[in-house]
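The chains referred to below are lettered A, B, ... by the order of the sequence lines, with proteins before strands, and numbering in each begins at 1.
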2 protein chains.
Amino acid sequence: MTPTPGPVGAVRQGSLRELNLAVVLGRIAAADRPPSRAVLATETGLTRATVSAVVEDLITGRLVTEAEPAPRSGAGRPARGLVLAGNGPAGLGLEINVDYLAVCVVDLAGRVRHHTVHRADLRPVSPADALSRLVELAGQARAEAASQGLTLAGAALGVPGLVDDAGTVRLAPNLGWRDVPVPALLAGLPPLTERVDGVPPIVVDNEANLSALGELHAGSDGPASFLHISGEVGIGAGIVLDGDLFRGARGWSGEIGHIPVHSAGRPCRCGGRGCLEQYAGQEAILAAAGLDRADLPADTAPVRLTELAETGSVDALRALHEAGTALGIAVASVVNLLDLDTVVLGGGYAPLTPWLRPPVLDEISRRVLTAAWSPVTVRPAALGADAAAVGAAGSVVRRIIARPAGWLARTG
Amino acid sequence: MTPTPGPVGAVRQGSLRELNLAVVLGRIAAADRPPSRAVLATETGLTRATVSAVVEDLITGRLVTEAEPAPRSGAGRPARGLVLAGNGPAGLGLEINVDYLAVCVVDLAGRVRHHTVHRADLRPVSPADALSRLVELAGQARAEAASQGLTLAGAALGVPGLVDDAGTVRLAPNLGWRDVPVPALLAGLPPLTERVDGVPPIVVDNEANLSALGELHAGSDGPASFLHISGEVGIGAGIVLDGDLFRGARGWSGEIGHIPVHSAGRPCRCGGRGCLEQYAGQEAILAAAGLDRADLPADTAPVRLTELAETGSVDALRALHEAGTALGIAVASVVNLLDLDTVVLGGGYAPLTPWLRPPVLDEISRRVLTAAWSPVTVRPAALGADAAAVGAAGSVVRRIIARPAGWLARTG
DNA sequence: GCCAAATAATTCAATCGCTGAACAAATAGC
DNA sequence: GCTATTTGTTCAGCGATTGAATTATTTGGC
């Protein structure tokens with residue numbers, strides 16, 4: 001018979017405290033208002049004694065601080081609220097994309113404490129040079145974080161391509177990268193040169209995945225299961241289930257751009273026919289709207305498209321309707337397969353949501369069997385174009401919150 | 001990054017033993033040959049003392065027994081192998097389908113200890129009557145299990161339709177069921193009338209999901225991530241990831257039958273157009289092969305199709321090629337999205353694998369971006385038509401292995 | 001103004017389960 | 001028959017949680 005998924009690692013004596021640190025910190029992070037120790041005790045089922053001990057560890061480890069006395073209700077000793085510390089560990093988020101580099105720092109509470117975008121066409125730049133520019137930006141971010149009392153506890157880098165477990169970029173077509181060993185090239189990156197807690201100092205991941213995480217981070221109270229679609233030159237999807245990113249068997253999930261929507265349609269550079277990208281990719285939309293990239297300054301075409309749509313240009317509206325229909329067909333497949341109830345339009349799609357949503361919803365309601373019972377929501381992303389950088393930084397923070405023991409052991 | 005799935009509930013003192021029971025039992029279940037206590041200790045990182053204590057609990061709880069001395073290698077006191085008990089708890093698996101009822105009992109080790117299939121066209125039968133027939137079969141299974149020294153520790157029922165969390169069958173189109181409250185109608189089912197460990201006594205689930213679990217059970221050492229496709233009148237998919245069934249946000253995942261493969265193709269009863277079911281559903285294949293159901297005795301058409309294909313009938317081969325192509329387009333979508341490396345053809349597709357596989361592989365290699373790095377395997381299911389019953393029983397067993405403390409608390 | 005009620009947080013002996021080392025058991029090889 | 005070797009058990013020690021008692025701090029009533 002087959003391996004049972006059960007807990008893989010053994011549970012040793014000390015794991016108990018480790019796990020409870022995670023439980024309590026997780027509650028503090030998820031709470032709407034700063035909870036007291038007493039509230040945490042009743043919520044988790046632990047004793048108040050235990051919670052006090054755990055909280056003390058978290059406070060001395062700079063993960064949690066006591067908040068100002070919350071508005072009081074009734075008699076009794078006033079509770080002391082607990083909040084995630086704003087001066088403890090923070091995550092460094094990096095992003096390389098076709099036409100910009102982005103760097104940001106996010107603290108434990110999810111606040112963006114530093115944010116830089118460096119615009120430049122990176123296609124002609126070698127991977128090593130691009131990464132060395134990134135290292136420079138990261139150095140500035142680290143200094144900035146230090147001046148705010150933050151300690152960078154890890155970094156994550158988003159790239160528009162497929163990344164393997166070792167962090168090598170196997171293929172980033174729009175960037176022109178192939179088999180780029182990012183971790184080796186980043187050896188000089190300031191924070192974290194050694195492995196911490198079994199995790200490499202730099203996690204390299206797909207940009208669409210990280211954007212989805214960024215959305216999870218930004219949408220404070222929305223549902224924690226959704227499909228996030230990044231509409232750029234390529235189309236990538238990040239699947240978030242119960243607050244966790246779904247990565248697939250090998251981490252290469254989300255290649256929604258090559259889902260066939262018109263099986264015998266236009267040939268695609270992937271070798272297939274009728275791929276979504278051929279109908280809803282940025283270039284396809286612009287071409288259909290009559291906005292050939294050549295006669296416009298770089299990167300203004302998408303803005304121009306929005307303007308045209310707003311002024312009611314027939315060509316633009318038709319192009320968006322076609323793209324929305326194709327997108328809807330692909331999304332219907334995904335929803336049928338994974339049973340998600342929320343679709344987030346991100347990246348270049350976000351500003352186009354008013355025009356894309358109707359045809360998408362149309363196809364969903366037509367093709368999804370369960371849509372009658374529970375309607376599917378389609379909404380624009382909360383974050384802008386560089387959501388991946390925020391998501392990358394957030395992923396670092398999330399790991400600390402999920403496993404605070406690693407951080408605590410580090411500081412001693 | 002993947003944040004470690006933090007423990008949701010608190011970790012109390014006793015949880016430690018609970019978790020270690022699961023760890024050790026899981027290792028015993030996953031091992032190729034009966035492991036000794038010493039081996040378990042080194043594998044898990046626990047002390048031999050702890051492992052001995054845990055194993056003692058498992059043995060007194062009838063979950064594990066000591067095997068005959070394994071073939072010895074070298075000096076030293078001979079190890080005593082540990083195996084899953086064949087006389088402890090067992091799972092009761094039930095299945096209702098269009099033309100049969102199936103019941104089976106699976107023991108902890110995954111062996112099928114009892115198996116009955118009752119053929120009957122259930123479409124004209126009311127849900128209450130169908131379920132009462134099932135209760136009768138379950139009673140026999142329970143007696144049979146008792147005579148073999150087994151105790152039924154839970155039951156699961158597979159139905160060809162959508163099931164909600166409460167166990168109500170919202171829609172089973174081919175059975176003609178709608179909003180059938182199965183748990184209420186099953187009140188008289190022999191084993192387990194009270195909730196055990198927070199889990200209802202009867203778990204009702206989609207037949208395709210359970211078939212996938214059955215496959216996981218049967219395929220002893222294959223990869224634990226795959227897509228299992230049941231080709232019946234409808235087409236359902238079960239997604240297994242790392243040995244766990246993926247159920248989607250609301251448990252309605254796997255509706256692969258209505259993935260659009262020819263966006264403007266044949267209208268489907270779901271309201272969409274060009275759904276997979278219209279090209280690769282059983283009826284579509286038979287019609288394309290010229291085997292109209294009317295002129296053949298019930299249920300012989302699929303067999304006849306296989307015969308025709310074997311003898312080289314042009315119509316049959318063309319029908320299968322068309323179906324395989326449609327299936328391949330849909331599977332390509334899934335693989336692009338979820339990055340799976342194995343596709344299992346189950347249900348009615350299993351015997352047709354020789355003819356379906358080539359076009360499916362063809363579409364995959366054409367449309368899946370990552371196929372070049374890691375090829376996708378397409379293979380027939382190991383279990384036959386009533387895989388869902390075995391999978392249902394297996395799901396009960398799997399839950400016990402994943403959380404042995406629940407069972408142990410029950411027997412005291 | 002003072003006291004009782006109420007709620008929050010801490011202290012402390014008891015207990016549960018894991019640890020590590022010593023010890024007993026059982027066998028192969030010389 | 002003796003030794004080396006590996007397995008499994010026993011037992012004192014210890015870390016973390018528990019539950020009750022204690023202290024701390026505020027509100028509300030007399």
Do any side-chain nitrogens or oxygens of [X] fall under 4.0 Å of OP1 or OP2 in [N]?
X: B/Thr50; N: C/dG17; result: no
X: B/Asn20; N: C/dC18; result: yes
X: B/Arg17; N: C/dC18; result: yes
X: A/Ser36; N: C/dA9; result: yes

Determine yes or no for a side-chain-to-main-chain donor-acceptor pair under 3.5 angstrom, with B/Ser36 supplying the side chain and B/Val39 the backbone.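 Yes, B/Ser36 side chain to B/Val39 backbone: donor-acceptor pair under 3.5 Å.
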
Could you state the [atom1]-[atom2] distance from [X] to [N], rounded to the nearest angstrom?
X: B/Leu19; N: C/dC16; atom1: CG; atom2: C1'; value: 15 Å
X: B/Leu16; N: D/dG15; atom1: CG; atom2: P; value: 15 Å
X: A/Glu18; N: C/dG17; atom1: CD; atom2: P; value: 20 Å
X: B/Glu66; N: D/dT7; atom1: CD; atom2: C1'; value: 12 Å
X: A/Leu21; N: D/dG15; atom1: CG; atom2: P; value: 16 Å
X: B/Arg77; N: D/dT3; atom1: CZ; atom2: P; value: 21 Å
X: A/Asp57; N: C/dA9; atom1: CG; atom2: P; value: 17 Å
X: A/Arg48; N: C/dC12; atom1: CZ; atom2: C1'; value: 15 Å

Among A/Val106, A/Asp107, A/Leu383, whose side chain to side chain contact (heavy atoms under 4.5 Å, CB included) with A/Val112 holds?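 That would be A/Val106; it is the only one of A/Val106, A/Asp107, A/Leu383 passing the side chain to side chain contact (heavy atoms under 4.5 Å, CB included) with A/Val112.
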
Side chain of [X] only, please: which of [options] is the nearest?
X: A/Pro78; options: C/dA9, D/dT25, C/dA26; value: D/dT25
X: B/Ser52; options: C/dT19, D/dT9, D/dT18; value: D/dT9
X: A/Thr47; options: D/dG8, D/dG19, C/dA9; value: D/dG19

Run the side-chain contact (heavy atoms from CB on, under 4.5 Å) check on B/Leu84 and B/Leu25 step by step: do they pass? CA-CA 8 Å; B/Leu84 295 175; B/Leu25 186 59; 3.6 Å; yes

Taking any heavy-atom pair under 4.0 Å as a contact, classify B/Arg37: base, sugar-phosphate, or nothing.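 Sugar-phosphate, no base atom in range.
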
Which part of the nucleic acid does B/Ala49 contact within heavy-atom distance under 4.0 Å: base, sugar-phosphate only, or nothing?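 Since a base atom lies under 4.0 Å of B/Ala49, the category is base.
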
A quick test of your reading: do over 12 heavy atoms of other residues, nucleotides or ligands sit less than 6.0 Å from CD of A/Glu56?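 No - once you tally the heavy atoms of other residues, nucleotides and ligands closer than 6.0 Å, there are 12 at most.
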
Please name the pair of heavy atoms, one in A/Leu108 and one in A/Leu63, separated by the smallest distance, quoted to 0.1 Å.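 Shortest heavy-atom contact: CD1-O, 3.4 Å.
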
